[in-house]
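Notes to accompany the following structure.
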Amino acid sequence: MIFRKKKDELILDRNRLPRHIAFIMDGNGRWAKKRGLPRTAGHHEGGKALLKVLKKCNELGIEAITVFAFSTENWSRPKEEVEYLMKLPNQYIKTYLPKIKEANIKMNFIGFLDVLPEEMKENIRLAMQETKNNTGMIFTIALNYGAQDEILYAVKQIAREYHEGNITLEDITKEYFEKKLFTNDLPPIDFMVRTSGELRISNFLLWQIAYSELYFVPKLWPDFNEKELRKALIAYQKRKRRFGGIEGV
Ligand code: IPE
Ligand code: IPE
Ligand code: MG
């Protein structure tokens, strides 16, 4: 065990870590089912896994992490599950905000937040207000987020600006478009991780991952821990990012 740890320490190059990691935290329901527990127990456990990942990423000096907590499609789940998921961020913020604040982490939220329950919106405001002067890692939670709707929302803003004569067609560059996305003030996503073995993106950050490295792992989210994160980061460091070019040129 000791040797293994030492070897891993050697392999993980702290100077070549991704700036921004996105996590699709999937598999909470299956984790609970395997144990004969209600799906909500899996979501509770998933919250604990998130805290571990958050701490480790912050310790490593990662600039930003963004996690998928509730998608625009997740409203189609049974009422009780949706209700539980709408309460979970409140509990999370209440329990962990002091620790997050102390760790110099800045909290951020993306998604169509207006339609979320009032209590959640209050907690979101509180979390952002309390951590707004923090200068460490940016921790973004995606709630009621869907990439296709995000893109349409950006398109509509730009169409309105064009229609009102405030911009010309030439103004609509990639950079201009990106400014209209929820992620406009975040670093580019270098690495996207999905747990639970599903090999899909499920409408998360579609524009933003054009050149991200993707990593799929069979572990269910509640079982994703520091060791799994380290494995993922080592895998990332083995990738050769070419961005359409040729290596070394
Ligand atoms: C991910 O776990 C959490 C959310 C989507 C909120 P799931 O609830 O999707 O768990 P599985 O995929 O059914 O196991
Ligand atoms: C993606 O997981 C959304 C979140 C992790 C919040 P889902 O479980 O909703 O995705 P699908 O249905 O398997 O594609
Ligand atoms: Mg799932």
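Numbering of ligands and ligand atoms starts at 1, following listing order.
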Minimum-distance atom from the Mg ion (ligand 3) among N, O or S atoms of Asp26: OD1

Closer than 4.0 Å to some heavy atom of Arg30 - which atoms of ligand 1 meet that? 11 (P), 12 (O), 14 (O)

Below 30° counts as parallel, above 60° as perpendicular, anything between as tilted: where do the rings of Phe191 and Tyr215 land? tilted

For Phe68 and Tyr145, take the angle between the two ring planes, folded into 0 to 90°, and tell me which bin it lands in: parallel under 30, tilted 30 to 60, perpendicular over 60. perpendicular

Without swapping roles, check the side chain of Glu228 against the backbone of Asp223 for a donor-acceptor pair under 3.5 Å. no

Which protein non-hydrogen atom lies closest to [atom], naming both residue and atom, and how far is it?
| atom | result |
| --- | --- |
| atom 2 (O) of ligand 2 | Arg194 NH2, 3.7 Å |
| atom 14 (O) of ligand 2 | Ser202 OG, 2.6 Å |
| atom 9 (O) of ligand 2 | Asn74 ND2, 2.9 Å |
| atom 5 (C) of ligand 1 | Arg77 NH2, 3.3 Å |
| atom 13 (O) of ligand 2 | Arg200 NH2, 2.8 Å |
| atom 1 (C) of ligand 1 | Met25 O, 2.9 Å |

Relative to ligand 2, is Phe204 under 4.0 angstrom through side chain, backbone, both or neither, heavy atoms considered? neither

Classify the contact between Ala69 and ligand 2 as side chain, backbone, both or neither, using a heavy-atom distance cut-off of under 4.0 Å. backbone

List the steps, then state whether side-chain contact (heavy atoms from CB on, under 4.5 Å) holds for Leu220 with Lys34. CA-CA 11 Å; Leu220 304 173; Lys34 262 174 44 181; 4.0 Å; yes

Is the closest heavy-atom distance from [X] to ligand 1 below 4.0 Å?
| X | result |
| --- | --- |
| Ala32 | no |
| Gly27 | yes |
| Glu198 | no |

Is there a side-chain contact between Asp26 and Trp221, using heavy atoms and a 4.5 Å cut-off? no

[X] versus ligand 1: do any nitrogen or oxygen atoms come within less than 3.5 Å of each other?
| X | result |
| --- | --- |
| Arg39 | yes |
| Trp31 | no |
| Leu85 | no |

With the threshold set at 4.0 Å, does a side-chain nitrogen-carboxylate oxygen contact exist between [X] and [Y]?
| X | Y | result |
| --- | --- | --- |
| Glu119 | Lys94 | yes |
| Glu83 | Lys79 | yes |
| Glu45 | Lys48 | yes |

Nearest-0.5 Å distance that lies between atom [atom1] in [X] and atom [atom2] in [Y]:
| X | Y | atom1 | atom2 | value |
| --- | --- | --- | --- | --- |
| Thr131 | Phe139 | OG1 | CZ | 10.0 Å |
| Phe109 | Arg125 | CZ | CZ | 11.5 Å |
| Ile21 | Leu60 | CD1 | CG | 8.0 Å |

Is there a donor-acceptor contact under 3.5 Å linking the side chains of Glu81 and His43? yes

Is the closest protein non-hydrogen atom to atom 11 (P) of ligand 2 under 4.0 Å? yes

Heavy atoms only, cut-off 4.0 Å: how does [X] contact ligand 1, side chain, backbone, both, or neither?
| X | result |
| --- | --- |
| Ser196 | neither |
| His43 | side chain |
| Leu220 | neither |

Could you tell me which atoms of ligand 2, counted from 1 in the order shown, lie closer than 4.0 angstrom to a heavy atom of Phe70? 6 (C)

Residue Phe68 vicinity, atoms of ligand 2 by number, heavy atom under 4.0 Å: 3 (C), 4 (C), 5 (C), 6 (C)

Glu118/Lys121 under salt bridge (Lys or Arg N to Asp or Glu O under 4.0 Å): CA gap, chis, key distance, verdict: CA-CA 5 Å; Glu118 217 37 62; Lys121 285 198 275 189; 3.6 Å; yes

Nitrogen or oxygen atoms of Asp26 and ligand 2 under 3.5 Å apart: yes

Taking Asp190 as the fixed residue, which of Arg16, Arg239, Arg241 is the one that meets the salt bridge (Lys or Arg N to Asp or Glu O under 4.0 Å) rule? Arg241

